[in-house]
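Read the structure below first, then the notes.
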2 protein chains.
Amino acid sequence: MTREPHGPDSGRSVIRRPASIKDVAAAARVSPTTVSHVLSGNRPVNEQTAARVRSVVNRLGYVPASLARSLQAGSTSVIGLMIPDISNTFFAELAKGAEDAAHDLGYGVILCNTEFDAEREDRYLGMIRSRFIDGMVYASGSPPSRRRLEALMGRFPIALADEEVDGLEGALIATADHEAGGRLVGEHLRELGHRRALMLTGPRELKSGVARAGGFVKAFQGQVTERVGDFKEYSGYRLVSELLAAGDPDFTAVFAANDLMAFGALLALREAGLSVPHDVSVVGFDDIRAASLAHPSLTTVHQPAYDVGRTATAQLLQYVTRGEVPPASRHTLPVELKVRASTAPPAR
Amino acid sequence: MTREPHGPDSGRSVIRRPASIKDVAAAARVSPTTVSHVLSGNRPVNEQTAARVRSVVNRLGYVPASLARSLQAGSTSVIGLMIPDISNTFFAELAKGAEDAAHDLGYGVILCNTEFDAEREDRYLGMIRSRFIDGMVYASGSPPSRRRLEALMGRFPIALADEEVDGLEGALIATADHEAGGRLVGEHLRELGHRRALMLTGPRELKSGVARAGGFVKAFQGQVTERVGDFKEYSGYRLVSELLAAGDPDFTAVFAANDLMAFGALLALREAGLSVPHDVSVVGFDDIRAASLAHPSLTTVHQPAYDVGRTATAQLLQYVTRGEVPPASRHTLPVELKVRASTAPPAR
DNA sequence: GTAGAGATGCAAAACGCTTTGCACAACGGG
DNA sequence: CCCGTTGTGCAAAGCGTTTTGCATCTCTAC
């Protein structure tokens, strides 16, 4: 434990002031202007002088303060990504796509995880108003924040990813083709020979869920019993259990509007002594990780969460880089039916 | 389609210059100083004047530019979170914890998703050197970036979360108690009556996996066959299949160093006609979502990913807010054994 | 009547960079 | 010999804040 050499400043691990462009200029006996030009290559500099400057830069470990640079440039090359829950694999995939797209253009992404908390959403919305971020990809959606968002939309670059609530038109939107997904499921079950299905939907307010159900009903062309769930596992379990308890089930297939509810349905069927897919087929939506790992593995619709995030971000940045607010436009991304072990022709 | 009223500036959705403090000052016939004081409450201002200023602020929709503020203050209230893959639920949970902790202190989090790509890691490390972020929570770890990290550690606030590679000492570290997790599994299997186990480890370089194996072997006190995997599902499948094909298995239980490999093992056992847990018990590590959804549900060790992220961040910020570099310290977080349906006493 | 104190508001510096305009020298072409 | 050009580098303004340090003015107390 050696004693530190000098002064009161010694031992403590306080961060000392980093070298500024002035320090470099002084040490190289040139003006800050010249240093800037050497580093940016913005104007020619005598090679000998430039070499001297570079050597000082290295010696001092000088790195330009990006804050000052951003202030001067009027943009930060950072955007925000507003999502309700990063631990939800759907949003995690979406975030990955957004990060990739941003990275491609040299942009950074601030993670705005909201838990649908209005106070939190407000704080993050403040980042764009105070111009700390150049734009925002918005995939959240508590109703109060939606209203505030609308006010911002004309003045700041904002894009909607997988918008699930209506009332937000006139924006740049990237979303999966929910209706087509529902249609694919309908066709699949019909072709297997099913004629009576149980459809577990999400809350009515969420557009995506409604679109899934709509596409399904249209394509299935059979008898469909609808029950409203909340996209959580338990609601799938509860709804199916109730129907089974009420008597002989009037369906040979279950289409849940997302995988979680499908898992709940699986559990309820198993508890009732019904075998999947022999007695009843089950289909989900999302293709979360667990869908392929579960037993039986779940037939489901793969949502391109990654592409949704990537597209929304890439589109947004196209305008941000030009200092413009994006115009209204919709980008619908294709979905894919993953047929696995939970569907089969009906036994009866 | 009505024609826009005036000038060349009209129709285009270009963002127009937002109001600055000077604009507000001019409109309220005071100095920028006074505006600043009204807004910050830093010095008293005549109530009548203040009211006038506030009204102008509202009318103009003035929001202080945080960039300028940060430049002046010398910090941005943003930190970075470096992780290899946000779509991995473990890191997503960790990120959520980090975001929560940051939010509590008014900090933002920049998502640095690296895919173990050195170029990408470098770019993000650049953000801290250019002082765009006040600190960094580091949960990634490609070897090249590790070396660069070491150089930065003394000069910038950096914390390690769930560090999985060695060579990085002298840092602030938050990690799960991997060894204790292994021990819990060992005790559990021993108490069930198992005497011969197969241990599927991760790569030798990853400290956490080594610790899990170490704890297990110590506590199990039986015969342990070790096989080295790579933490991916397929390696679990392959290793178990190979052993089964080679003849009568010399184990009644399998402990995989993570859930994914455990799933692979499950699959291999099922294909070989062995029943889990009747013929063989299987245990994983991590407690990812699919663990509870799989069939049979997986006995595993729950890792506090959220807490790891939260703790690392909270600890880091404690020093960042004081403008200090954190000292070396280790925070080990407790794990928990989740006993589910994949373990039972051995049949033979 | 006057000194000290409080209230009130402004000017100016500072944060660290980029960019524009300008000065000076050297040089070649007409 | 003069003018235009090219090379080289600096001074200064500007980006939008916050934070001193001062200058007034008005009280209050003695």
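Naming convention: chains lettered A, B, ... in sequence-line order (proteins, then strands); numbering from 1 in each chain.
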Hey, does [X] reach any base, or is it just sugar-phosphate, or nothing, if we go heavy atoms under 4.0 Å?
| X | answer |
| --- | --- |
| A/Pro44 | nothing |
| B/Ser70 | nothing |
| B/Thr33 | base |
| B/Ser40 | nothing |
| A/Ser36 | base |

Give the rounded distance in Å between these two atoms: [atom1] of [X] and [atom2] of [N].
| X | N | atom1 | atom2 | value |
| --- | --- | --- | --- | --- |
| B/Asp23 | D/dC15 | CG | C1' | 13 Å |
| B/Leu60 | D/dG16 | CG | C1' | 15 Å |
| B/Lys22 | D/dA13 | NZ | C1' | 10 Å |
| A/Asn46 | D/dG9 | CG | C1' | 10 Å |
| B/Leu71 | C/dA14 | CG | P | 14 Å |
| A/Arg29 | D/dG9 | CZ | P | 12 Å |
| B/His37 | C/dA11 | NE2 | P | 14 Å |
| B/Arg17 | D/dG14 | CZ | C1' | 12 Å |

Exercise. Any idea which of D/dT19, C/dC17, D/dC10 is nearest the A/Ala68 side chain?
Worked result: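 Of the options given, the side chain of A/Ala68 lies nearest C/dC17.
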Exercise. Between C/dG9, D/dT17, D/dC10, which one does the side chain of B/Ile21 approach most closely?
Worked result: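 Nucleotide nearest to B/Ile21's side chain: D/dT17.
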Exercise. Considering the options B/Asn88, B/Asn113, B/Asp85, which one meets the side chain to side chain donor-acceptor pair (under 3.5 Å) requirement together with A/Lys96?
Worked result: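 In the set B/Asn88, B/Asn113, B/Asp85, the residue that makes a side chain to side chain donor-acceptor pair (under 3.5 Å) with A/Lys96 is B/Asp85.
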I'd like to know if the side chain of [X] reaches the main chain of [Y], judged simply by a donor and an acceptor atom lying under 3.5 Å from each other, with no hydrogens or angles considered.
| X | Y | result |
| --- | --- | --- |
| A/Thr76 | A/Phe132 | yes |
| A/Thr321 | A/Leu317 | yes |
| A/Asn58 | A/Ser55 | no |

For this session: Specify the residue among B/Val45 and B/Arg131 whose closest nucleotide of DNA chain C lies further upstream toward the 5′ end.
Result: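 Between the two, 5'-proximity favours B/Val45.
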At under 4.0 Å, does any side-chain N or O of [X] touch on OP1 or OP2 of [N]?
| X | N | answer |
| --- | --- | --- |
| A/Thr34 | D/dC10 | yes |
| A/Asn42 | C/dT18 | no |
| A/Ser20 | C/dG16 | no |

Exercise. Is there a donor in the side chain of B/Arg120 and an acceptor in the side chain of B/Tyr124, or the other way round, less than 3.5 Å apart?
Worked result: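 No, B/Tyr124 and B/Arg120 have no side-chain donor paired with an acceptor closer than 3.5 Å.
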Kindly indicate whether the side chain of [X] and the base of [N] share any N or O donor-acceptor pair separated by less than 3.5 Å?
| X | N | answer |
| --- | --- | --- |
| B/Gln72 | D/dG16 | no |
| A/Arg43 | C/dG21 | yes |
| A/Arg69 | C/dG16 | no |

Exercise. At their closest point, which heavy atom of A/Val137 faces which heavy atom of A/Ala161, and how far apart are they?
Worked result: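 Scanning both residues completely, I find the closest heavy atoms to be CG1-CB, 4.0 Å.
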